[in-house]
Participant: 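Input: one structure, supplied below.
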Amino acid sequence: MKSMMKKIAAAFMAAAILVTPALAAEAEVVAPGEKMGIAFSEFYDSKGNCLDSATDFTDKNFTVAKKTISKGSNLVKSIKINNRSHEVDITFNSGNMAAPKSPNVIITDLAVRATKTIKDGGYTIIKSGTLYSYDGDLSFRVGMEADELDMVRDGEYIALESGDTRYVRWVKGDSYGTVEVDYGSIAMATGRVYENDRVLYGFNDEVHEDLLDRNPNAYIQGLEIKGGTFPEPMTLNIYADRDDYIYENDEGQLKIASGLKWDNNDDAWVGKITKGKSYVISDSKLRSAPYGSGSYDDDDEYVEDSSSSSRPSNDYYNPDTGGGSGTVVAVSAIVAILAITIVSVVMSTVLSVKNIKKQ
C-alpha cells in the first residue's frame, strides 16, 4: 500500500513538473511601464450576461469594484476605467527587470460595478449596483529579455523610435561606459553606466486624446521617457523652441518642468533625470486635468469636467522663468509706470520754466 502511495505521489510530482512550465509559458510577457486594456464586453454578470454596445462604459457609470492582486502588487501602477477606449486599463510600473520564467504579477479577481441605472429606449438594461466580473487569465511576466552591450568610454549610441523599448545589460569593456540615448530626435540623454548595470530604455511620442481634446488649438508633442532608475543621473536635452511650454505630465496632471533651463550652446532645454519621466511640449498654454475626467457626448465630442480642469499656476511663463516670472512682470510694469510718471513730471516742469521766462 505504501509503495502504491509513493508511486501516486511521484506521478503527481511529475505532472506538476510538466504543467508548471506550460502555465509559465502561457503568461503574457509585458514590458515594464506598458499598459494593457480589457474590453468592457469581457465582463459578465452572475447570470452570464456581458456588457453590450449600448452600455456607456465610463467611470461616470461604473467603478472598479474588485482588483485583488495576489502577487506582484508593487509592479502594478493602476487599474482603472478608460473613458475613451471603454476598457479597463492595467498599467504596470516602470523598472529595470528581466522577464521571469514564471508569472510575477497575478490578478485573481477583477470586477466592475454599475453606479447608475442605465436605460436604452426606455428599457432598463443595467441596474445600479450590478457586478460584472472578468473571467479570463490575468497572469503576467513583467520584464524583458536583456541585450548585452560592451561598455565604451567614448559613448554607445542607442537610437529609439516611438514605441521602442530596449532592456540592456552592460558587460565589461572599458572601466565604465557612456551611453547616448536618442529619443526620436526629440531629445537626447547622456550618462554613465557600469559593469552589470541593467537598464531599461524606452520612448513614446504619443499624446493622449484627452489632452488634445482639452487643448484643440495647441500644437502638442509627447515625450515619454520610459525606464526605471538610471545608474547615474543623465543629462537630458530637449530640442524644442525657446518660447515653447514644456510640462511634466502625470496622467494629464501638468506642471511646468522647472528643472529645465535653456542652453544657448546646445540650442535646447537642458536638465537632469534620474529615472523615466513623461513630458509634453506645446506652442501655447495647456489646461491640466487627469485623463478620463472629461466625457463624450452622443457625437463623440469631448465635454470637459470644469471641476477638475485647471491651468498650472505658473503656465503663463516659460520654464526658464517659471513661477517667478509673475514677480518679474509685475516689477517691470511698476518700473515702467514710474518711468512714465517721472518723464511726465520733468516735461511738465520744463514747460513751466519756459512759461516763466517768457513772462
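Values in this document were obtained by computation on a predicted structure and should not be read as measured data.
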Participant: Say whether Ser139 and Asp137, considering side chains only, have a donor N or O and an acceptor N or O under 3.5 Å apart.
Facilitator: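 Yes, Asp137 and Ser139 have a side-chain donor paired with an acceptor closer than 3.5 Å.
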Participant: Going by ring pair (Phe, Tyr, Trp, His ring centres under 6.0 Å), name the residues that satisfy it together with Tyr167, two or more places apart in sequence or in a different chain.
Facilitator: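 Checked Tyr167 against ring pair (Phe, Tyr, Trp, His ring centres under 6.0 Å); zero matches.
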Participant: Judged by atom type as modelled, is there a donor-acceptor pair below 3.5 Å linking the side chain of Thr63 to the main-chain atoms of Ala65?
Facilitator: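 Side chain of Thr63 to backbone of Ala65: no pair is present.
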Participant: Under the rule for salt bridge (Lys or Arg N to Asp or Glu O under 4.0 Å), what residues qualify as partners of Lys67, not counting sequence neighbours?
Facilitator: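 Expected list: none.
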Participant: Would you say the side-chain atoms of Asn196 and Arg169 include a donor-acceptor pair closer than 3.5 Å?
Facilitator: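 Judged by distance alone, the side chains do pair up.
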Participant: What residues, two or more places apart in sequence or in another chain, satisfy side chain to side chain donor-acceptor pair (under 3.5 Å) together with Asp266?
Facilitator: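 Asp266 satisfies side chain to side chain donor-acceptor pair (under 3.5 Å) with Asn237 only.
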Participant: Work out which heavy atom in Ala218 is nearest to a heavy atom in Leu286; give both atom names and the distance.
Facilitator: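 Looking at all heavy atoms of both residues, the shortest contact is CB-CD2, 3.7 Å.
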Participant: With sequence neighbours left out, write down each residue that passes side chain to side chain contact (heavy atoms under 4.5 Å, CB included) with Lys71, or none if nothing qualifies.
Facilitator: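 For Lys71, the residues satisfying side chain to side chain contact (heavy atoms under 4.5 Å, CB included) (neighbours in sequence not counted) are Ile106.
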Participant: Could you pull out all residues at least two apart from Glu34 that satisfy salt bridge (Lys or Arg N to Asp or Glu O under 4.0 Å)?
Facilitator: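 Glu34 satisfies salt bridge (Lys or Arg N to Asp or Glu O under 4.0 Å) with Lys226 only.
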Participant: For Asp182, enumerate each residue passing the side chain to side chain donor-acceptor pair (under 3.5 Å) test, keeping only those at least two apart in sequence or located in another chain.
Facilitator: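 Partners of Asp182 by the side chain to side chain donor-acceptor pair (under 3.5 Å) criterion, ordered by chain and then number, come out as Tyr157.
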Participant: Has Asn264 got more than 12 heavy atoms of other residues, nucleotides or ligands less than 6.0 Å from its CG?
Facilitator: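 It does: Asn264 CG has more than 12 such atoms within range.
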Participant: Once side chain to side chain donor-acceptor pair (under 3.5 Å) is applied, do any residues pair with Ser70, and if so which ones, sequence neighbours excluded?
Facilitator: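 Not a single residue meets the side chain to side chain donor-acceptor pair (under 3.5 Å) criterion with Ser70.
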Participant: Between the side chain of Asn83 and the main-chain N/O of Thr58, is any donor-acceptor distance below 3.5 Å?
Facilitator: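 Here the side-chain-to-backbone pair does not exist.
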Participant: Which of parallel (below 30°), tilted (30 to 60°) and perpendicular (above 60°) describes Phe62 and Phe57?
Facilitator: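 Plane angle between 30° and 60°, so tilted.
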Participant: I'd like to know if Asp59 and Lys80 make a salt bridge, using a cut-off of under 4.0 Å between side-chain N and carboxylate O.
Facilitator: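 Salt bridge between Asp59 and Lys80, a charged N being under 4.0 Å from a carboxylate O: no.
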Participant: Asn104 side chain to Val142 main-chain N or O, any donor-acceptor pair under 3.5 Å?
Facilitator: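 Side chain of Asn104 to backbone of Val142: a pair is present.
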Participant: Partners of Thr124 by side chain to side chain donor-acceptor pair (under 3.5 Å), sequence neighbours excluded?
Facilitator: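 Checked Thr124 against side chain to side chain donor-acceptor pair (under 3.5 Å); zero matches.
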Participant: Among residues two or more places apart or on two chains, list those pairs meeting ring-ring contact (aromatic ring centres under 6.0 Å, His included) that have a residue in residues 117-139.
Facilitator: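 Passing the test, one end in residues 117-139: Phe43-Tyr134.
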Participant: With sequence neighbours left out, write down each residue that passes side chain to side chain contact (heavy atoms under 4.5 Å, CB included) with Glu206, or none if nothing qualifies.
Facilitator: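 Asn204.
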Participant: Suppose we screen for ring pair (Phe, Tyr, Trp, His ring centres under 6.0 Å). Which residues come up paired with Phe230, at least two apart in sequence or across chains?
Facilitator: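 Listed in chain order: nothing, the list is empty.
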Participant: Got a sec, which residues hit ring pair (Phe, Tyr, Trp, His ring centres under 6.0 Å) with Phe140, two or more places apart in sequence or on another chain?
Facilitator: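 Ring pair (Phe, Tyr, Trp, His ring centres under 6.0 Å) list for Phe140, sorted by chain: Phe92.
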